[in-house]
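This report refers to the structure that appears directly beneath it.
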Amino acid sequence: MSVEFDIAETLDVKGASCPMPVIETKAATDGLVEGEVLEVLATDPGSVSDIDGWAAGTDGVKLLEQVEGEDVYQHYVRRTE
Amino acid sequence: MALIATKGTLDMAYPPLILASTAAAFGYEVTVFHTFWGLDILHEEHSADLKLSSVGNPNMPVPNVVGALPGMDRVTTRMMERRIDDNDTATVGELVETALEMGVEFQACQMTIDLLDYDEDDFFDGVTTGVGAATAVQDMAEADIQLLV
């Protein structure tokens, strides 16, 4: 699947399990400026639901897309404020 | 969010720490009031040495009568520690440090500090001491989410 936005930063949390993918994603988005997109690479199957839920419940971030690959889950989160 | 952490076994240390750090990632102000054996989660030395018992836990593959034998808690604890390591799950100490960095307020109940003969210096840097049940009630009254673990 093609990704149609510029990626400002990539966060590799492959191997990490709950709660670290969400915790690290939060820390990484804190370092972005408004409009920038973070790519998150995770192997935790729970990260799909967790990053979705976190982004939905958190001000200032928007989940743009999630790609479920064979082994790796890609998440794209934009900082919106 | 206001949590109350009352348990100090290896398995029961995780839920309050995972919920607290995750809620902080959502932007919640989080307090966790630790009382009785929950204090051991905040105790720098004890937190690295929390135990797990199969006794009273019928889901573990060890009959109670065997689990009660001397040394068995060490065996089940090792088993769980190995799984935590294999699964790349954070340790209890790592989760406490992470949560503190994220602004979670960990409170150590003063009455149980005195009861268990702990010292303020036994806890991780940044842990709040000198608080009691009224502080916990006040935090719960102001919180959207309250949970006893």
Side-chain angles (χ1 to χ4, degrees), chain A residues 8-34 36-64 66 69-81, chain B residues 1-3 5 7 10-32 34 41-42 47 50 52 79-106 124 126 143-147 149:
Chain A
E9 202 180 309
T10 296
L11 171 69
D12 186 346
V13 286
K14 293 197 286 284
S17 57
C18 177
M20 297 320 290
V22 165
I23 305 292
E24 303 255 357
T25 299
K26 189 263 189 293
T29 54
D30 282 350
L32 300 181
V33 298
E34 183 181 342
E36 285 187 327
V37 175
L38 174 74
E39 176 182 53
V40 183
L41 307 176
T43 49
D44 172 18
S47 66
V48 177
S49 173
D50 279 0
I51 290 177
D52 184 18
W54 166 77
T58 303
D59 292 336
V61 294
K62 186 175 190 292
L63 180 63
L64 302 174
Q66 291 179 305
E70 291 231 332
D71 303 308
V72 177
Y73 303 92
Q74 296 159 257
H75 312 273
Y76 298 91
V77 181
R78 171 169 279 143
R79 177 146 181 183
T80 57
E81 59 186 59
Chain B
M1 182 165 88
L3 305 184
K7 305 280 203 297
L10 181 57
D11 53 332
M12 291 306 285
Y14 277 91
L17 294 176
I18 291 174
L19 291 171
S21 54
T22 301
F26 274 72
Y28 284 97
E29 274 181 43
V30 183
T31 60
V32 191
H34 290 248
I41 298 168
L42 304 180
S47 67
L50 298 181
L52 178 71
M79 197 175 75
M80 183 58 95
E81 283 173 343
R82 202 172 311 130
R83 288 197 172 204
I84 287 167
D85 197 38
D86 289 349
N87 196 46
D88 274 326
T89 298
T91 65
V92 169
E94 284 166 354
L95 284 174
V96 170
E97 298 278 16
T98 300
L100 281 167
E101 280 167 24
M102 298 176 81
V104 170
E105 185 184 344
F106 288 112
F124 286 92
D144 295 319
I145 303 168
Q146 308 90 357
L147 205 56
V149 182

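Throughout, a chain's letter reflects where its sequence line sits, starting with A, and its residues are numbered from 1.
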(message) I'd like to check the salt bridge (charged side-chain N to carboxylate O under 4.0 Å, His left out) partners of A:Asp12; sequence neighbours left out, ordered by chain and number.
(response)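 For A:Asp12 the salt bridge (charged side-chain N to carboxylate O under 4.0 Å, His left out) partners, ignoring immediate neighbours, are A:Lys14.
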(message) For chain A, which candidate among B:Thr98, B:Leu19, B:Ile18, B:Leu95 shows the most heavy-atom pairs at distances under 4.5 Å?
(response) B:Ile18
(message) Working to the nearest 0.5 angstrom, can you tell me the gap between B:Met79 CE and B:Ile84 CD1?
(response) 10.5 Å
(request) Identify the residues of residues 25-34 of chain A whose heavy atoms come closer than 4.5 Å to a heavy atom of chain B, ordered by number, or report 'none'. (result)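 Heavy-atom contacts from residues 25-34 of chain A to chain B are A:Lys26.
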(request) Let me know if B:Ala99 has heavy atoms under 4.5 Å from chain A in its side chain, its backbone, both or neither. (result) neither
(message) Which residue is it: A:Leu64, A:Leu63, A:Val61, A:Leu38? I am looking for the one with a side-chain contact (heavy atoms from CB on, under 4.5 Å) to A:Arg78.
(response)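 Answer to the side-chain contact (heavy atoms from CB on, under 4.5 Å) test with A:Arg78 among A:Leu64, A:Leu63, A:Val61, A:Leu38: A:Leu64.
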(message) Between A:Val77 and A:Trp54, is there a side-chain heavy-atom distance shorter than 4.5 Å?
(response)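 Side chain of A:Trp54 against side chain of A:Val77, heavy atoms only: contact under 4.5 Å found.
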(message) Within the structure provided, determine whether A:Tyr73 and A:Pro21 are in side-chain contact (heavy-atom separation under 4.5 Å).
(response) no
(message) Counting neighbours of CD on A:Glu24 that are heavy atoms of other residues, nucleotides or ligands and sit closer than 6.0 Å, is the number greater than 12?
(response) yes
(request) Can you tell me which residue pairs pass the side-chain hydrogen bond (donor to acceptor under 3.5 Å, both in side chains) test with a partner in residues 79-88 of chain B, sequence neighbours excluded? (result) B:Asn87-B:Thr89
(message) Show every side-chain hydrogen bond (donor to acceptor under 3.5 Å, both in side chains) that has at least one partner inside residues 13-25 of chain B, sequence neighbours left out.
(response)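 side-chain hydrogen bond (donor to acceptor under 3.5 Å, both in side chains) check on residues 13-25 of chain B returns no pairs.
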(request) Pick whichever of A:Val22, A:Ile23, A:Asp50 has the most heavy-atom pairs under 4.5 Å with chain B. (result) A:Ile23
(message) I'd like to verify something: which residue of A:Asp59, A:Thr58, A:Asp44 has the highest number of heavy-atom pairs under 4.5 Å with chain B?
(response)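 Ranked by contacts with chain B, first place is A:Thr58.
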